[in-house]
Structures are given as structure tokens and as C-alpha cells.
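Remember, it's a predicted structure, so these values are computed and weren't measured experimentally. Start at 1 and go down the list; that is how both ligands and their atoms are numbered. Side-chain atoms are counted along with the backbone in the values below, which use heavy atoms only and exclude waters and symmetry mates.
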Amino acid sequence: MSLVFVINGPNLNLLGTREPDVYGHETLEDVEALCRDRARDLDLEVDFRQSNHEGVLVDWIHEARTLADGIIINAGAYTHTSIALRDALKGVGLPAIEIHLSNTHAREPFRHRSYLAPVVNGVIAGFGINSYALALIAMSELID
Ligand code: CA2
């Protein structure tokens, strides 16, 4: 069975507590449960993680190199700032999908730029927690 790391960045631990108009009412635990359900249907195993620390996220991407078959990443605000995450994703060379709950292109201009988008297979944004489910479907196709 293929293993997919689902990596979540800064502040996503606050999901469901504030800004429900932008991010919905579901918590990160709900997102993890959704991922586990969908992964079972797709015959994938999911390792679901969240950190607020850029270096920890880099370490997890490196860890995926030897353990995982693909990476789904919602890097939160680091999407728009982090050359380190970009270099890590490029460096491990695994299939990777960038995801966002919100449609970042319909928001503030500083959210329109992604440092990660050029080094991943594709980007899914704007479908709420369903972005995670859609990414798992896309990942199962990439891995096959
Ligand atoms: O839409 C997304 O998934 C984002 O990655 C979420 C990030 C944001 O910086 C990106 O531009 C787009 C922010 C995650 C913070 O989520 C919160 C949820 C509830 C309360 C406070 C923050």
C-alpha cells in the first residue's frame, strides 16, 4: 500500500476556531478524519501532520524521501514566503501536490504568489476541506 504524507503548516491547528467564513467550521481533526476515510477508499495510507515551524516542515519533507510515495502539503502562509520548503520539495523529487482550503487567488495579492507551485505536480485551492480529498484522488493517480 502506498503511503502519503499530508503535511500542514502554520496556524492550521486553529482551524474551526476562527474565520469560519474563510476556512469553514471543521477542525484539523475533522480534516484528518476525512483524509483517513478517503485514503481507505483509494487504498492509500496517510501520515497526517501539522507544525507551526518551518524547519520542522523541511525535516518532514526530507523524512518523506525514504518513507513515503507522495506529499500533499498545505504550507499555510509559508507557501508565500518559503524558499526552504520549495528547495526541500524539489530536493526530494517525490510526487507532490500543494493544497489550500481557500482560493488564494481570490484573496489579498500577497497570497497570489506561491514559491511551491513551480516545483509540485499541481495545485488545488478553494474547495474547503474537500481540497484534501481531491488531492488524495490526484495523488493516487500520480502514484499509480
Ligand atoms: O487557504 C489555505 O489553506 C491557506 O493555506 C491557509 C493559510 C493562509 O496563510 C494561506 O494563504 C492559505 C492560513 C491558515 C490559518 O488558518 C486559520 C484558521 C482559523 C483561524 C486562524 C487561522
Heavy-atom closest pair (V92 atom, I71 atom, distance to 0.1 Å) is CG2-CD1, 4.1 Å

Is any side-chain heavy atom of V4 closer than 4.5 Å to one of E45? no

### Query
Where does the angle between the aromatic ring planes of H105 and H112 fall among parallel (under 30°), tilted (30 to 60°) and perpendicular (over 60°)?
tilted

Between ligand 1 and the protein, which N/O pairs fall short of 3.5 Å?
{"residue": "ligand 1", "atom": "1 (O)", "partner": "L101", "partner atom": "N", "Å": "3.3"}
{"residue": "ligand 1", "atom": "1 (O)", "partner": "S102", "partner atom": "N", "Å": "2.9"}
{"residue": "ligand 1", "atom": "1 (O)", "partner": "S102", "partner atom": "OG", "Å": "2.5"}
{"residue": "ligand 1", "atom": "3 (O)", "partner": "N74", "partner atom": "ND2", "Å": "2.9"}
{"residue": "ligand 1", "atom": "3 (O)", "partner": "L101", "partner atom": "N", "Å": "2.7"}
{"residue": "ligand 1", "atom": "5 (O)", "partner": "N74", "partner atom": "OD1", "Å": "2.8"}
{"residue": "ligand 1", "atom": "5 (O)", "partner": "H100", "partner atom": "ND1", "Å": "2.9"}
{"residue": "ligand 1", "atom": "9 (O)", "partner": "A77", "partner atom": "N", "Å": "3.4"}
{"residue": "ligand 1", "atom": "9 (O)", "partner": "R111", "partner atom": "NH1", "Å": "2.9"}
{"residue": "ligand 1", "atom": "11 (O)", "partner": "H80", "partner atom": "NE2", "Å": "2.7"}
{"residue": "ligand 1", "atom": "11 (O)", "partner": "R111", "partner atom": "NH1", "Å": "2.9"}

In short, P10 meets A75 closest at the heavy-atom pair CD-O, 3.4 Å

Taking the side chain as every heavy atom from C-beta outward, state whether E26 and L15 have any atom pair closer than 4.5 Å.
no

When L134, I99, L101 are each screened for side-chain contact (heavy atoms from CB on, under 4.5 Å) with F127, the one that passes is L134

